Amino acid sequence: MSKMAAKPAHEIPSAGSESKRKTMNITVLAGGPGAERDVSIQSGRAVAEALSRRGHRVTISDISPDDLSALEHPADFVFIALHGQFGEDGTLQAELDRRGLPYVGCGAQASRIAMDKVLAKRAFEEAGVPTPKYVVIEQENDLAALSDFPVPAVVKPAASGSSVDTSIARDREALQTKARHLFRQDGRALIEAYIVGPELTVGILGGMALPVCEIRTRREFYDYHAKYVDENTQYLFDLELSPDLVERVQVVALQAFRALGCEVFSRVDVMIDRETQRPYVLEINTIPGFTSHSLVPKAAARVGIEFDELCERLVEMSLRCRRG
């Protein structure tokens, strides 16, 4: 059983001392227009309560592309707790840059690339980061490329989070049907090789890979229900993997983080091919969840960073990043 601690690229910056900490006006943005709105509200409330306990003056606000009034509230910092469309795809980050408001996490460009799974995969390939074989359906004629694509295969939106509208096609007929439906619904569909083996996730914090977590679910795969509803989903840090493999997973996660130009923190999802023991990066979440089921807070706690401190560290690290 591996209980290997995360191997840091460098030490995580610590939060300021009690005497030096500055009380700030912080706006927490939660809700938004995306399919993950309910989860975002849960994340936002948890972050707002944590930062309030740390002594900051916190306002939690909803926001949408048509209503940016939350950004008019005087704030020293904006903590984005939005998932998916608008909040995680670089749109909001670009608006905050335009207004000169410092915010949590990755910048606009990295957020845009990470949210677009096709752009992210191409960036992974250019950087030599292993990622599953894939096909992009961008026009009706592209469906012909699926005639010899291996099944089972994963069918997913090109730009969405929390496994919304993701499914597994177990045979060729299902692959064609699911891919066509998703393409006609979204305008693009990503078809990805199905990797059989453990599903892992790696939180990245301040340039350091946090302890690797294995996700086990009784459902067909780690879908939206398994992420946020099912109390039977297991999150395991005492892994039945070799220390060498755990370290390789952390290394490729950091490579993926850097390949997309990510900053401050993210969560990298990885599959292990059971036969070859090779890790494959699936995607990067630039604003991972902050709910009771969320994995970055769980991983941070394994190295002694409790939730309230984690939220404040993200604020401080992001401020240094935006100023730098």
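All values reported here derive from a predicted model rather than from experimental measurement.
- A salt bridge is defined here as a Lys NZ or Arg NE, NH1 or NH2 lying under 4.0 Å from an Asp or Glu carboxylate O, and Glu316 with Arg54 fails to meet this definition.
- The distance from the CG atom of Leu92 to the CG atom of Leu68 is 8.0 Å, given to the nearest 0.5 Å.
- Under the 6.0 Å distance and 45° angle rule, Lys133 counts as a cation-pi partner of Phe149.
- The existence of a salt bridge linking Asp62 and Arg37 is confirmed by a sub-4.0 Å separation between a basic side-chain nitrogen and an acidic carboxylate oxygen.
- Between Lys117 and Glu192 there is no salt bridge, since no side-chain nitrogen of the basic residue lies less than 4.0 Å from a carboxylate oxygen of the acidic one.
- A 6.0 Å sphere centred on CZ of Arg45 holds no more than 12 heavy atoms belonging to other residues, nucleotides or ligands.
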_Could you walk me through whether Phe86 and Ile63 satisfy the side-chain contact (heavy atoms from CB on, under 4.5 Å) test, starting with their C-alpha distance in whole Å, then the side-chain angles of each, then the deciding distance to 0.1 Å, before giving a yes or no?_
CA-CA 9 Å; Phe86 178 64; Ile63 192 170; 4.0 Å; yes

*asked:* Could you go through Asp89 and Thr91, starting from their C-alpha distance and side-chain angles, then the distance that decides it, and tell me whether this counts as side-chain hydrogen bond (donor to acceptor under 3.5 Å, both in side chains)?
replied: CA-CA 6 Å; Asp89 62 9; Thr91 304; 2.8 Å; yes

Can you give the donor-acceptor pairs under 3.5 Å from side chains of residues 178-187 to other protein atoms, not counting sequence neighbours?
residue, atom, partner, partner atom, Å
Arg184, NH2, Glu140, OE2, 2.9
Gln185, NE2, Asp165, OD2, 3.0

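- Residues Tyr103 and Glu95 have side chains that never bring a donor and an acceptor to within less than 3.5 angstrom of each other.
- Atom CG of Leu146 sits about 5.0 Å away from atom CD of Gln176, to the nearest 0.5 Å.
- Tyr280 belongs to a hydrophobic cluster with Ile195, Met271, Leu282, counting contacts under 4.5 Å between side-chain heavy atoms of Ile, Leu, Val, Met, Phe, Trp and Tyr, direct or through other members.
- His83 and Ser43 share a side-chain donor-acceptor pair at under 3.5 Å.
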